[in-house]
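The first residue of the sequence shown is numbered 1, and numbering continues consecutively from there.
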Amino acid sequence: MATKVKQTTRAQESTNAIERIYITMRHLLNRGFYKPSGVSGNALRSALLLLRPEIYGSIAEEKVELNGLIYVLERLPKGIEECRFINLTSDEGFSKSHLKAIIPPKRRRNCYRIDEEQMNIEITRGRSDIYDILTHLTFLFIESGKISKRVLVEDGTATIRDWDKLTDFVNAEEKNDAEREIAMIHAANILGRTFDEVVELHNALKTSPEPDRFLNVIYWLGKLAIEEETTGNKRTITFSPLLRERLGHHIHGERWAAMIKQTLIKNKLLHRPIHIISANMHSVMNSLFAKKALFKEFPDTKSLDIYEALSSSGNKDLRKKVMDIGEKNGMIFIDDASGANIDVQIFDSARFGKDTCCYSLSKDIPEEEKPVIFVMDYAFGEQAYETIDELLKPIEEKGQKKYLNVDSISIMGKAGILEGGKGDLMIPSAHIFEGTADNYPFNNELCATDFEGHGLKVLEGTMVTVLGTSLQNKDILRFFHESTWNVIGLEMEGVHYQKAIQSASKVRKSIKKDVKVRYAYYASDNPLETGSTLASGGLGTTGVKPTYLITDRILKQIFNEQHG
């Protein structure tokens, strides 16, 4: 009797593809360089095409993927499409040169255009940063290859008329709107897209200094791929020797933590109860001071309008008013110069003036027991382990170890949700690490009932920490969601934070073993719904309500704890 061969499921194929991508990337890093059109580059490319992540939409089709292109361009330095040589480096002192740093709008990383052909990207946030960049570059090279395939006439170096016309437009000195429209019609044909879609993307990317950014990007992506085919001039990605040597050594995290501990010592805050919050740089400060600082402008203290106004880019004056009140009442801002790219605010509740803070402490609390709230900006992937691990280590002073008095650690952030929509909440009870059997259950001080009655869906369950959000596809996520893992969402830092907290509290005993832990996330997208991925655009004001609800719950617990 013939045995039935069990087919691998799409989820298993996808998991294998992710593993292949990471193994290939680590191999390339050890090797020091690769050519995207060479054997190693093709291995990455074919694994990404097999995986077909949601964020990259129609990556596996012949037509060029437009939303994914915008998503990637916002996370890579401007001008990268023109560069044949991309060099990933450590922090090697370029900031002291005449070169001006290029910072992508959606990722804080310093990049330097060395010359017409070379872009250097500084990596200070560990391996997750490298995976992120290489995945985006692989996507860019796939799209670039599609353009070249569509414009090169078979078995030759000649190109189709649409490409020649687009080239004429891009290289012309003077350009008018009629010529621009005609160039877009040619571009639409090259990309296999409608004129409408091309106009929409053109409008999304244009800026006043560069009105034709979209057409330029398409031209350069095509031009370099065509040259690879016809002249053999291949693009190359290199990793600097210093980057390869420093990776995994916590150099930036150590520098970052040392600077913070010095600030705590200088302000005599080391022995006080410290509450660490990983969040953005505005919600804690605004929650503490805004309603009282801006009472004249916003007398309704129940409304969230005040926070929507503060998050709008046009209201610099309101933000400055809140910031000034904070600085007069015990707020210390540390502008990060360590290279970790994580700014810090410290709030000393003993220095809050009368009627300035929107939360109250019991009058019986002695000064030395008043909480110190330490807010750190979001870490990126594995960097979460590096920073918290270094921060929780004791300080050596004159041969003596001084321990931080950490009372609680709260992590709040954005995540992908698997049931629900943008702005809904996820309260995890455990983090599991994708691609491994590692799991970190913990006792979360926050629970779903804390957030009921606000019109948002609240899910409780397991969160999966992924190696990179740009590698997720529906099949894997559906498997996580429907299996006994009971996964409610995905993000990139949870496991890394919890690993550092657990080792400090349970193994190394550098903080107390019953340190309180809080995790809460709000949904930035639902990757299981078509059209709801991160590439479909930002949260806008949808993020305001969940952000401030979570911040309020964390602060209430910190201030009420003191009463118990």
Side-chain angles (χ1 to χ4, degrees), residues 264 269-280 282-293 295 300-304 306-307 322 325-326 329-332 345-376 404-413 425-429 442-454 456 458 460 497-498 501 505 511-522 544-564:
L264 290 171
L269 300 174
L270 207 56
H271 64 288
R272 297 259 299 280
I274 294 170
H275 297 268
I276 297 169
I277 304 177
S278 168
N280 52 55
H282 50 80
S283 63
V284 175
M285 175 180 75
N286 289 345
S287 298
L288 287 172
F289 302 117
K291 284 184 175 173
K292 295 210 169 171
F295 185 71
D300 178 3
T301 54
K302 294 278 179 281
S303 158
L304 287 174
I306 182 168
Y307 301 129
V322 177
I325 294 274
N329 290 278
M331 178 175 98
I332 303 158
Q345 293 161 333
I346 298 171
F347 299 91
D348 176 1
S349 66
R351 288 174 54 200
F352 290 173
K354 193 173 181 302
D355 284 340
T356 52
C357 178
C358 305
Y359 297 84
S360 56
L361 280 170
S362 157
K363 300 221 173 2
D364 318 330
I365 296 177
E367 292 287 293
E368 62 271 16
E369 284 176 32
K370 288 187 175 171
V372 171
I373 298 167
F374 169 97
V375 182
M376 59 183 275
L404 271 75
N405 181 11
V406 179
D407 249 22
S408 75
I409 300 172
S410 306
I411 313 292
M412 140 186 163
L425 298 173
M426 289 156 277
I427 312 298
S429 51
F442 49 83
N443 180 21
N444 195 343
E445 296 290 320
L446 297 170
C447 62
T449 49
D450 290 335
F451 300 98
E452 279 166 6
H454 294 280
L456 295 174
V458 189
E460 268 183 307
Y497 279 125
Q498 192 55 26
I501 294 166
S505 59
I511 59 172
K512 53 184 167 200
K513 82 170 180 291
D514 57 350
V515 62
K516 291 186 167 68
V517 179
R518 303 181 191 93
Y519 286 92
Y521 299 93
Y522 60 92
V544 172
K545 186 176 186 177
T547 301
Y548 282 92
L549 263 180
I550 296 169
T551 310
D552 178 60
R553 284 289 163 265
I554 292 171
L555 290 173
K556 277 194 173 129
Q557 286 197 5
I558 290 172
F559 281 87
N560 289 340
E561 271 175 1
Q562 315 305 317
H563 297 199

With Phe295 via ring pair (Phe, Tyr, Trp, His ring centres under 6.0 Å) - residues at least two apart:
none
Atom of [X], atom of [Y] and distance for their closest heavy-atom approach:
X      : Y      : result
Ser287 : Cys358 : O-CB, 3.6 Å
Pro546 : Leu425 : CB-CD2, 3.6 Å
Ser408 : His275 : OG-ND1, 2.7 Å
Lys370 : Ala350 : CD-CA, 3.7 Å

Do Val375 and Met285 pass the side chain to side chain contact (heavy atoms under 4.5 Å, CB included) test, and can you show the C-alpha distance, the side-chain angles, and the key distance before you say yes or no?
CA-CA 9 Å; Val375 182; Met285 175 180 75; over 6 Å; no
Within a strict 4.5 Å, meaning less than it, do heavy atoms of the [X] and [Y] side chains meet?
X      : Y      : value
Ser410 : Leu446 : no
Met412 : Thr547 : yes
Phe442 : Pro428 : yes
Phe374 : Val406 : no
Asn405 : His271 : no
Gln498 : Val517 : yes

In plain terms, say whether Arg272 and Asp348 are close enough for a salt bridge, that is, a side-chain N and a carboxylate O under 4.0 Å apart.
yes
How many angstroms lie between atom [atom1] of [X] and atom [atom2] of [Y], to the nearest 0.5 angstrom?
X      : Y      : atom1 : atom2 : answer
Lys516 : Ile501 : NZ    : CD1   : 14.0 Å
Ile276 : Ile409 : CD1   : CD1   : 4.5 Å
Glu445 : Arg553 : CD    : CZ    : 14.0 Å
Ile274 : Asp407 : CD1   : CG    : 9.0 Å
Leu549 : Ile554 : CG    : CD1   : 11.0 Å
Lys302 : Lys291 : NZ    : NZ    : 7.0 Å

Under 3.5 Å side-chain donor-acceptor pair for Asp552 and Tyr359:
yes
Would a distance-only check, ignoring hydrogens and angles, find a side-chain to backbone donor-acceptor pair under 3.5 Å from [X] to [Y]?
X      : Y      : answer
Thr356 : Phe352 : no
Asp450 : Cys447 : yes
Lys545 : His454 : yes

Check step by step if side chain to side chain contact (heavy atoms under 4.5 Å, CB included) holds for Asn329 and Leu288.
CA-CA 11 Å; Asn329 290 278; Leu288 287 172; over 6 Å; no
What verdict does the side chain to side chain contact (heavy atoms under 4.5 Å, CB included) test give for Ile550 and Phe451, after you've listed the backbone C-alpha separation in whole Å, the side-chain angles of each residue and the deciding distance to 0.1 Å?
CA-CA 8 Å; Ile550 296 169; Phe451 300 98; 4.1 Å; yes
Aromatic ring pairing Tyr307/Tyr548, orientation class (parallel under 30°, perpendicular over 60°, tilted between):
parallel
Run the ring pair (Phe, Tyr, Trp, His ring centres under 6.0 Å) test on Tyr497 and Tyr519 for me, step by step, so that the C-alpha distance in whole Å, both residues' side-chain angles and the decisive distance to 0.1 Å come before the verdict.
CA-CA 10 Å; Tyr497 279 125; Tyr519 286 92; 7.1 Å; no
Could you check Arg518 against Asn444 for side chain to side chain contact (heavy atoms under 4.5 Å, CB included), going step by step and ending with a plain yes or no?
CA-CA 5 Å; Arg518 303 181 191 93; Asn444 195 343; 4.2 Å; yes
